[in-house]
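See below for the structure under consideration.
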2 protein chains.
Amino acid sequence: MKQSKKERQERLQKTIQENPFVTDEELAQEFSVSVQTIRLDRMELSIPELRERIKYVAEKNMQDEIRSLPIEEVIGDIIDIELDKSAISIFDVKKEHVFTRNGIARGHHLFAQANSLAVAVINDELALTGKAEIRFTQPVKEGSRIVAKAKVTRSEKGRTIVDVASFVGSDLVFRGEFSMFRAPSVEKEEKDETGN
Amino acid sequence: MKQSKKERQERLQKTIQENPFVTDEELAQEFSVSVQTIRLDRMELSIPELRERIKYVAEKNMQDEIRSLPIEEVIGDIIDIELDKSAISIFDVKKEHVFTRNGIARGHHLFAQANSLAVAVINDELALTGKAEIRFTQPVKEGSRIVAKAKVTRSEKGRTIVDVASFVGSDLVFRGEFSMFRAPSVEKEEKDETGN
DNA sequence: CTGTTTTTTAGTACCTAGTCCTAATATCGG
DNA sequence: CCGATATTAGGACTAGGTACTAAAAAACAG
């Protein structure tokens, strides 16, 4: 009905990209050609069969699931910890952490790593960030490994100050002072919040 | 070789959960029973066949792809924006945003929403957070809707101050003052970093 | 130890969504 | 109209199953 082979193949490619779950049968109907034609088209465009496409999508999914699970409790990998004293974690900046337009890591990831470490270093059931003063001192590029070092500087009744400095190589990229609340039954104003 | 039907079925369930890509054939070998036994087991446990499992995983993926694309640039949904003046975004706190042990939202999500909004409100190619002073004034529970309001308070050459206040209902839960750099070619110290 | 019940195994026909291959038609450009 | 390209049809085969029947093996009961 429509157009040349070329046209059809372009539309085919787009259609499958948008909905990888479509069968050759369905495509044949949509473009009113035979299934065989669709198969020839897929061959020429080297588009794999339905099941392979689905599998590919599923595998991609499994990969990020593994990636997103450890994020559950701590962002970055803790490589050293002395409770109530200090801790070190590393975080590798991948493409999903950066702005697409300039490849610079988005601040909340640096914050999350630091905040998470501040929570982890506290030897208590519950630790929440009350306030924080932070500085992003250098941009961080994709592919960098950020090493965050947390030090507990003061500790009073229910309140602990944690200083975190993050480095890429020997460059300071982030500094933050976190005022943490520990294990109180969270109730009133300026007493609470997250950590990680 | 091993154990009762019950035992095998439990192990089967776990195995498939961990690796949904396993065929009956492979399972049969692993448990040294026949394929038919595996199929009976799947029936009794109502575990779908390989292809259905893969499809399910793939479909789940497609769903969050739609969800994670807008997240790409802004965390939370912007519901109002006046460039270089103010912006409002909402963010719904779901189970993946809270600490499992107490159901309180993890701070970096509040930070991310606020920081992201501060970036978005700036009418420039590039906006990076230089420093921030933040306060978590109330814990936020799972299921809450956080409304973040950003206001540009000062703007000088290349540097803009954005105040963000986040609320759950009428309660202030977060406040932050973000010092943003706009569109500079990022180079030196204390000049950079993310936003979103 | 025998009889019954449960569990496991084997085998067949059928399904989907393909691959790979051959061969017969259409359609188009010159 | 002729030859090249494109399309369609058909058959044989594949993986990874379902659904069903039937037989053999194992477990348990008395």
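In what follows, every chain begins at residue 1, and chains take the letters A, B, ... in the order their sequences are listed.
In this model, no side-chain donor or acceptor of A/Arg39 finds a partner on the base of C/dT19 within 3.5 Å. Contact annotation: side chain of B/Arg51 to base of C/dA17, donor-acceptor pair absent below 3.5 Å.
Under the 3.5 Å distance criterion, the side-chain polar atoms of B/Arg135 are left unmatched by any main-chain donor or acceptor of B/Arg175. Looking only at distances, a side-chain donor or acceptor of A/Thr15 sits under 3.5 Å from a matching main-chain atom of A/Arg11. Panel note: side chain B/Arg53, backbone B/Pro20; a donor-acceptor pair is recorded below 3.5 Å.
Checking D/dT7, C/dG18, C/dT9 against the side-chain heavy atoms of A/Lys5 singles out D/dT7 as nearest.
Mapped onto DNA chain C by nearest heavy atom, A/Gln36 and A/Asp24 fall at different nucleotides, with A/Asp24 at the one closer to the 5' end. Mapped onto DNA chain C by nearest heavy atom, B/Thr37 and A/Thr23 fall at different nucleotides, with B/Thr37 at the one closer to the 5' end. Of the residues near DNA chain D, A/Val35 and B/Arg42, the one whose nearest nucleotide (by heavy atom distance) lies more toward the 5' end is A/Val35.
In this entry the distance linking CD1 of B/Ile54 with C1' of D/dA15 reads 11 Å, nearest Å. Between the CZ atom of B/Phe21 and the P atom of D/dG17 there is a distance of 13 Å, given to the nearest Å. Atom pair B/Leu40:CG and D/dT18:P shows a separation of 10 Å (rounding to whole Å applied). C/dC15 atom C1' lies 15 Å from atom CG of B/Leu50, rounded to whole Å. Rounded to an integer number of Å, the gap from A/Lys6 NZ to D/dA6 P is 10 Å. Atom C1' of nucleotide C/dT16 and atom NZ of B/Lys55 are separated by 11 Å, given to the nearest angstrom. At whole-Å resolution of the value, CE in B/Met43 and C1' in D/dT21 are 13 Å apart. Taking atom CD1 of residue A/Ile38 and atom P of nucleotide D/dA9, one finds them 13 Å apart after rounding to whole Å.
Dense packing is recorded around CD of A/Glu52, with more than 12 heavy atoms of other residues, nucleotides or ligands lying under 6.0 Å away.
Under a cutoff of 6.0 Å and an axis angle of 45°, A/Lys131 and A/Phe178 do not form a cation-pi pair.
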